[in-house]
Amino acid sequence: MLFNSLDFAIFLPIVFMLYWFVANKNYKYQNIVLLIASYIFYGFWDWRFLLLIVFSTVLDYFLGLELFKEINQKKRKALLLTSVFVNLGFLGFFKYYNFFIDNFIAAFSFFGQDIKPNSLNIILPVGISFYTFQTLSYTIDVYRKQLEPTKDFIAFSVFVSFFPQLVAGPIERAKQLLPQFYVKKSFNYLKAKEGLHLIIWGLFKKIVIADSCAIYVNEIFSKYETMNSLSLLLGAIYFAFQIYGDFSGYSDIAIGTSKLFGVDLMKNFKYPYFSRDIAEFWRRWHISLSTWFRDYVYIPLGGSKGSKWLKIRNVFIIFLISGFWHGANWTFLVWGALNAIYFLPLLLTNRNRKHLGDIESERLLPSFKDFMSMLITFSLTTLGWIFFRANTITDAFVYIKKLFAFNFKGGLQYLSIERYAPELMLLIIGFVILEWFIKKEEHPFFGKFITTKIVLVFLGIILLGNFSNVSDFIYFQF
Amino acid sequence: MYISDFVYTYIFQNTNPRNKLQYILNVENQNYDIVFLGSSRVANHVDTKLFDSLSSKKTINLGVLGASLNDNFLELKLLITSNKIKNLVFQVDSNFEMTNSTTMVSAQAVPFIRNNIVKKHIKENLSNFNKMYYLPFYRYAINGHKMGIRESFFSLVNKKPRVNPEIGYNPKYGNYPKQTASLPSEISKSNPVLDNIVNLCKKHNINLILFVAPYSSKMKNIEYIDKLNQKLPNLLDMSRGYEDKLFYNYGHLNHNGAQVFTKDLYVKIKDKLIQ
């Protein structure tokens, strides 16, 4: 079920009514409503894969309890490894099996050996990368004795499958989310209103920004050989805003929907394109994943402590894993490696924590230095996105080669979507200016004239939105 | 929603046509000697000005990017309600495999959904007819890429369209020979929409000439056209024999190619045209 679909528009109010008006006696009833709703939400896509979620839930629930009871460190480690292997095993099978088989075949044929192992027609269960990481964080926290395991199976099941964030995050930590399912929630008008504001703004980012960009991006990337450098540059910029609008829009809707049920989720985006260096970008982009990798991979590896080579190794490991998490394709690995290369100079010169605060909160416009830093960071990020979007590494390299050929023959190219390539920049520039002025908040609905702003955003969605081809959120595929 | 729907509809129905379907719905009492109909492989290939100068006849190119046979059928039905056509030169190739309507033409038709022919056509071909007909603004929302705020604004300020629908030729420039594509490996037994077009032409005494436009060497499964020739014995097959440098891509000639093709087409059909 997509957030931007009619199904969800019907589903959400029904669950809302049941939650607040039928199951409001105690938190157990509320949890049961959320659990059933979450399973229906997921089952709408493919009910068979519900079994996977249920299996992961049962396994980690009992492993958590055993981990807490067990004193023997070896046995505790074995229990933890069971959780890690089973959860990552599912992820590996569904997401990476064919990638490894195909590369295995390619490697052998390179050396003149023809082998024919079976590629399988595997469907990737939506959201598997997200809920796998979420359940893993629970088991690891219990293992580290940072969290007491829950005895409430229903609450734990809701924690694993909570529908607003089930398929594309934010990837929540048990410490933050689980306790919220132990208490009866009373309706909070302000929180619900805030949730609705986030939903509206998320829909704007998805339907107007991301889906409009998608039309141009699909056209430019699919026909990049016929495009001049200007169109290729625009294609890359449009993709940067497509993926931002798409994923941050999704996160806003998820956080907003969750607020409607009295549940707070962590912030996932913090205006990442206003970052002044790559380190700051990664503190503002997909925060729930970045912090997950930081806490469960980077710091256990030694983090930024130790020798220079250890630091370099850790940075590469973290970014390569992050790239591979996004998809079973070499393009994602190159994207990860590229970000590691961007990040290294900052780390090695101890400038990776230079920009911890918000940018220029007092001034109307950024200083020239900050503006240039933001522009350079955005350019580097956008260059990386080309690998993220391209079908193959070859496509990405040819795209970049043509981009830097500075061939402007044909000028403002007219695309077969019957638009000039630069047309969308008007909308993008308007969006960036708007985001700059609301960067202290999470959406534009604050201060004076809130109703007018809501009406204008609604009008924007209706008049500027792309409804012709309702598309999945990009991060559903991860 | 009601207001937006009313405003958009008013604009599209009362401003100068900016696309070919709008043009067809506006034009009356014309006698066309030759109408070229098909997809972008007509719009990009037939230079009507050149054809006019060669033939001294009144021609129009009504090829629409991405149009299917069913889309062309709608164009034809609308055109013959208020105009006369002597010859219809109609592109058939892999579109023989399609019987459905695409959004390429139906999107252009939505402001005119109350027109009986358009209404009947959309009702028969699109599953969301009821929503488009009864829900205010729905028809514009789902076709926003074609008939949205941008198009209504340009119509309102009377901005000239990039392709003049009165002429209809839409040239492509450049040569991108690396792209490849493939024709279907199997052919359907028949295409009921094409049968309907043939019957409509017979009923209105329109001389129908079916043709295949050129493909470059990058088009795979070109044998499909041989199978099509067997299905349609009178098909004018011009699919082969054009150098790759005359192509924009595998299935579309560039402007230079269109000049060569238009002259060739004239030579091939001039004796088949009725005066």
Side-chain angles (χ1 to χ4, degrees), chain A residues 4-6 9 203 207-208 211-228 231-232 394-395 398-399 401-402 407-427 430 455 458-471, chain B residues 1-5 7-8 18-20 39-40 43-44 64-66 102-104 106-108 110 128 131-132 135-154 161-163 170-181 218 247-252 254:
Chain A
N4 53 331
S5 69
L6 192 62
L203 284 172
I207 296 171
V208 178
D211 288 354
S212 299
C213 287
I215 297 173
Y216 287 75
V217 169
N218 293 344
E219 173 73 9
I220 293 171
F221 273 79
S222 67
K223 293 177 184 159
Y224 70 88
E225 286 178 326
T226 66
M227 300 291 158
N228 65 23
S231 299
L232 293 172
T394 311
D395 284 339
V398 177
Y399 190 107
K401 190 179 157 194
K402 284 178 73 72
N407 161 30
F408 298 102
K409 198 177 156 193
L412 309 179
Q413 282 186 299
Y414 194 74
L415 310 176
S416 58
I417 52 168
E418 299 184 0
R419 299 277 196 278
Y420 284 98
E423 275 185 40
L424 194 65
M425 277 312 288
L426 280 176
L427 182 68
V455 170
F458 257 119
L459 264 178
I461 292 173
I462 291 164
L463 298 179
L464 302 173
N466 173 27
F467 299 90
S468 55
N469 188 13
V470 174
S471 57
Chain B
M1 295 293 197
Y2 276 108
I3 295 168
S4 306
D5 188 282
V7 171
Y8 274 41
R18 283 183 41 85
N19 62 53
K20 289 181 182 177
S39 67
S40 55
N44 303 151
V64 175
L65 181 110
T102 70
T103 56
M104 304 306 285
S106 61
Q108 295 178 2
V110 292
N128 56 354
K131 287 185 207 163
M132 286 213 273
L135 281 180
F137 200 71
Y138 177 84
R139 54 184 162 156
Y140 296 112
I142 62 157
N143 291 296
H145 61 298
K146 279 264 178 195
M147 305 301 279
I149 192 163
R150 175 184 183 274
E151 198 56 28
S152 59
F153 175 74
F154 286 157
R162 195 171 161 274
V163 176
N170 180 10
K172 288 262 187 200
Y173 295 96
N175 174 237
Y176 302 99
K178 284 184 185 170
Q179 291 183 323
T180 59
K218 299 292 176 188
F247 283 84
Y248 174 79
N249 64 12
Y250 49 83
H252 299 92
N254 59 25

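Throughout, protein chains are lettered first and strands after them, A, B, ... in sequence-line order, and every chain is numbered starting at 1.
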> Taking every heavy-atom pair that is under 4.5 Å apart, which of B/Asn249, B/Val163, B/Leu65 has the most such pairs with chain A?
Replying inline: B/Leu65
> So which part of B/Tyr173 gets closer than 4.5 Å to some heavy atom of chain A, the side chain, the backbone, both or neither?
Replying inline: neither
> Taking A/Lys409, A/Glu423, A/Lys223 one by one, which has the highest count of heavy-atom pairs under 4.5 Å against chain B?
Replying inline: A/Glu423
>> Heavy-atom pairs under 4.5 Å with chain A - which of B/Lys172, B/Arg162, B/Lys146 has more of them than the others?
In response: B/Arg162
>> As an exercise: rank A/Leu463, A/Thr226, A/Ile215 by heavy-atom pairs under 4.5 Å with chain B and give me the winner.
In response: A/Thr226
> Given a strict heavy-atom distance threshold of 4.5 Å, which part of B/Phe137 is in contact with chain A: side chain, backbone, both, or neither?
Replying inline: side chain
>> Counting only heavy atoms not in A/Phe408 (residues, nucleotides, ligands), do more than 12 fall under 6.0 Å from its CZ?
In response: yes
> In terms of heavy-atom proximity below 4.5 Å to chain A, should B/Tyr140 be classed as side chain, backbone, both, or neither?
Replying inline: neither
> Non-hydrogen atoms of chain A under 4.5 Å away: do they reach the side chain of B/Ile149, the backbone, both or neither?
Replying inline: both
> Taking the side chain as C-beta and beyond, is there a heavy-atom pair between B/Met1 and A/Ile462 under 4.5 Å?
Replying inline: yes
>> Heavy-atom pairs under 4.5 Å with chain A: which of B/Gly144, B/Gly148, B/Ala141 has the most?
In response: B/Ala141
